[in-house]
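These numbers come from the heavy atoms of this one structure, side chains and all, not from hydrogens, waters or symmetry mates. Model, not experiment: these values are computed from the prediction.
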Amino acid sequence: MSTTPYLNGLNQAQKEAVLHEKGPLLIIAGAGAGKTRTITHRIARLIESGIPAHRILAVTFTNKAAGEMRERIRGLIPAGRGMPFVSTFHSLCVRILREFGGQVGVPARFSIWDRDDQTRAMKRALKAAGMEDENPNSVLAAVSRAKGSGAGHAAYAARAGHFRERAVARAWEEYEKELAEASALDFDDLLLKALELLESSRETRELLQSRWSHITIDEYQDTNSVQFELARHLTGSRMNICVVADGDQTIYTWRGATIENFLSFERLFPGTKTVRLEENYRSTGTIIAAANGIIGKNRNRIPKELRATRETGEPVYLFEARDEEDEAWFVAERAHKLIERGTPPKEIAVLYRDNFQSRVLEEALLAAGIPYRVVGTRFFERREVKDVLSYVRASLLPASAADISRIAAMPPRGIGQTTLAKMFAPRENPQTGTMTTLWNDPSLTELAGKESGLSAAARAKVAAFRASLARMRHALETLPLSEALRFIVEESGLERMYKERKDREEAERFENVRELVNLAVRYDGETPPEGAQMLLEEAALQSDQDELKEEENRVSLMTVHASKGLEFGNVFVTGLEQGLFPSLRLDEHTDPEEERRLFYVALTRGKERLFLTFARARLRYGSRESAVPSEFLGDIDERLTAWAVAEEAESIIE
């Protein structure tokens, strides 16, 4: 077949990228420049040229992006030609570790800790290290940055110079013990262990290099040091690697991403062909001109300038509010007017620099009767959903003390924290001489009798709980996943508990539990208990954007970070005040150029209209502070802007 079908509708730069077959390829893709279209057409073209689909690996950063890429490729290639492996970095590493992880000491049935699991474990680790007053999220961030740079605990502890680093090292050591006891890995471990495997096993490395002959990596500017090394090892000497990147959208250096991976690609992969996608198909000419004016002031970048392919459009609207409430009412009033004129609510987004800004915005939208959703409240992080998932993990991994502690009293069954502490306290089995716990060695519970510190009644309750988990495990190992979850919800007593509690909130919690069972149906075709493992992986690796549902017609509220990769007809960027956006936090991770890149990302989410708002005063940390407009506003050519005026709030309230 001719290559023509894969070139239809592409511009000259896109065609160049699609037709490139061998050797390294760097696609510098500006916002809205059709990068997904380009790389999916390129993959389809590779398959048509004779490269088997299963030899192609495509990697991106969110499940949503991977799903979209997968569907587009499926629509381009003829039936029966197979499908490439399209995955996120973390899901790819899970697959590699499930297959080969035993070589680096990873248990066959490891679990994956999400952010909530990590925070709970770090709290316990800090307590064990005598550091209860430390912020667990701050310590986790330090650990994550170290792991993202390729350093494990031993390497970090060895070079810990000042007091803070030594304190982090102590907490990290306790945290690693918790991970090991639970047979768990956190997000960073998935990458770090996969890299350790590739570096330590030449045989496995060469096997994977032969498995995937062509590799594509989207959002390459967001890779950290470990992800770069993973890509390098998987690519091998063929160097058939295509990366798609926009240095102007590098906004995650605070969590380990390094723009150097992008800036040095041509040097690290000799013979690289570079293609620039600069034609923007998303936004009006005015929005693109404003975005170019902003990002052009950064120095640490590969120069490029977006060219609008659409009409000039409306000006960028500016609004000066008295305070945050006035700002919120302006957003609600304009959103209400847009919806009245026929704009679907899902085509409206309200962006902010920090999460605390959402409260007053929510109140205004609620009062105005405007349907909205806050992106970042994930389904899998809801308490009742995590309870069921903890039952699943505790059934499959009985040694998981964190999960046992979570579910022992949910619902109440007379097993308190004191009993649990005794159950998981290390002790010697007098018959074998090995160290164990009462929980992990059921025979020891009866053998120890009163010496265990547990009454006969407590031992009976623990035995009943353990027997219940064993029945749940049997269900997970023999039944389709949705049936097994229904059994767990009933066997655990959760269903009875929610039905006995008559208030509305508990009814909503039970509906979320039922929705989890509905979601599990997609894994019913998997051989038990593989479906359960896949559900646990999906829950742990879910991102904010993966929660977005196209059919949900609501205004979206989110941080600018969460908006990356999305687009909306109408975008409000709020809180444009010096010290808030750009943030002027006095810490080592604040980068003025990154703040400018973040604003560039915010501007380029808009397709039709862009509203930029700021307040003269804002309530922060309990006190009202005067505010100065963001320096970014002065960097937009005033010929592109127009001042907006607020109407009376009462006009949008019935």
Side-chain angles (χ1 to χ4, degrees), residues 57-71 85-101 106-121 140-141 143-144 147-148 179 182-195 197 217-219 222-224 226-227 230-231 234 252 255-257 375-382 385-386 388-390 392-393 396-397 400 402-403 481 485 515-516 519-520 522-523 526 529-549 561-562 564-566:
L57 169 66
V59 186
T60 187
F61 276 81
T62 68
N63 292 323
K64 184 176 185 292
E68 180 184 352
M69 192 183 299
R70 202 176 291 117
E71 288 308 307
F85 183 55
V86 183
S87 171
T88 65
F89 262 108
H90 289 89
S91 294
L92 170 65
C93 290
V94 169
R95 173 173 174 155
I96 291 171
L97 292 174
R98 293 282 184 216
E99 191 171 353
F100 305 105
V106 175
R109 283 190 177 178
F110 64 87
S111 61
I112 305 168
W113 276 359
D114 63 17
R115 189 68 188 179
D116 181 60
D117 298 322
Q118 293 173 49
T119 302
R120 288 169 177 265
L140 278 171
V143 171
S144 182
K147 288 184 177 182
L179 281 166
S183 298
L185 301 178
D186 64 19
F187 295 146
D188 299 300
D189 289 332
L190 296 174
L191 304 178
L192 204 54
K193 283 294 184 181
L195 178 58
L197 171 68
I217 301 176
D218 192 12
E219 304 287 3
D222 291 336
T223 55
N224 60 25
V226 175
Q227 288 161 332
L230 284 167
L234 290 172
Y252 292 115
R255 69 182 189 195
V375 178
T377 304
R378 304 180 195 173
F379 174 76
F380 287 116
E381 289 183 351
R382 290 180 170 91
V385 174
K386 286 188 68 67
V388 178
L389 294 176
S390 281
V392 173
R393 287 200 305 206
L396 296 176
L397 297 167
S400 178
D403 289 304
L481 183 58
L485 288 194
E515 180 60 24
L516 178 64
L519 190 153
R522 73 175 67 169
Y523 298 115
E526 303 294 332
E530 292 306 312
Q533 293 285 6
M534 294 169 73
L535 175 65
L536 292 172
E537 286 170 17
E538 178 185 354
L541 300 179
Q542 195 88 335
S543 73
D544 291 343
Q545 289 190 11
D546 297 331
E547 290 289 299
L548 290 173
K549 298 178 181 177
H561 282 99
K564 187 165 173 289
L566 303 176

Would W113 and R393 satisfy side chain to side chain contact (heavy atoms under 4.5 Å, CB included), going step by step from the backbone distance to the final call? CA-CA 11 Å; W113 276 359; R393 287 200 305 206; 3.9 Å; yes
Could you go through the ring-ring contact (aromatic ring centres under 6.0 Å, His included) check for F61 and H90 one step at a time? CA-CA 8 Å; F61 276 81; H90 289 89; 8.0 Å; no
Determine whether F380 and L516 satisfy the following criterion, side chain to side chain contact (heavy atoms under 4.5 Å, CB included), listing intermediate values before the conclusion. CA-CA 9 Å; F380 287 116; L516 178 64; 3.9 Å; yes
Point-to-point distance, once rounded to the nearest 0.5 Å, from CG of N63 to CD of E68: 13.0 Å
Note, L485 side chain near L481 side chain (heavy atom, < 4.5 Å): yes
Applying side-chain hydrogen bond (donor to acceptor under 3.5 Å, both in side chains), can you list everything that pairs with D222, at least two apart in sequence or on another chain? K564
Could you please spell out the steps behind the side-chain hydrogen bond (donor to acceptor under 3.5 Å, both in side chains) verdict for E530 and Y523? CA-CA 8 Å; E530 292 306 312; Y523 298 115; over 6 Å; no
For the residue pair A58 and M69, what are the closest heavy atoms and their distance? CB-SD, 3.7 Å
May I ask you to say whether E537 pairs ionically with R98, meaning some side-chain N is under 4.0 Å from a carboxylate O? yes
Do Q118 and V143 make a side-chain contact, defined as non-hydrogen atoms from C-beta onward lying under 4.5 Å apart? no
Go through the steps to decide whether E538 and R522 satisfy the test side chain to side chain contact (heavy atoms under 4.5 Å, CB included), and finish with yes or no. CA-CA 12 Å; E538 178 185 354; R522 73 175 67 169; 3.2 Å; yes
A side-chain contact here means heavy atoms from C-beta on lying under 4.5 Å apart; do F89 and V94 qualify? no
Within the structure provided, determine whether L230 and T223 are in side-chain contact (heavy-atom separation under 4.5 Å). no
Which residues satisfy the salt bridge (Lys or Arg N to Asp or Glu O under 4.0 Å) test with D188, sequence neighbours excluded? none
Pair L535, L389 - check side chain to side chain contact (heavy atoms under 4.5 Å, CB included), show working. CA-CA 9 Å; L535 175 65; L389 294 176; 4.2 Å; yes
For residues D114 and F187, determine if any side-chain heavy atom of one lies less than 4.5 Å from a side-chain heavy atom of the other. yes
Side-chain donor/acceptor of T60 to backbone N/O of A66, under 3.5 Å: no
Are the charged groups of D186 and R115 less than 4.0 angstrom apart, N to O? no
Between L185 and I112, is there a side-chain heavy-atom distance shorter than 4.5 Å? no
Can you tell me how far OG1 of T62 sits from CG of D218, rounded to the nearest 0.5 angstrom? 9.0 Å
State, to 0.1 Å, how close A182 and L397 come at their nearest heavy-atom pair, and which atoms those are. O-CD1, 4.1 Å
So CG of D403 and OG of S111: to nearest 0.5 Å the spacing works out to 6.5 Å
Between S87 and V59, is there a side-chain heavy-atom distance shorter than 4.5 Å? no
What are the two closest non-hydrogen atoms of V86 and R70, and how far apart are they? O-NH2, 2.7 Å
Less than 4.5 Å apart, side chain to side chain, heavy atoms only: is that true for K386 and D117? yes
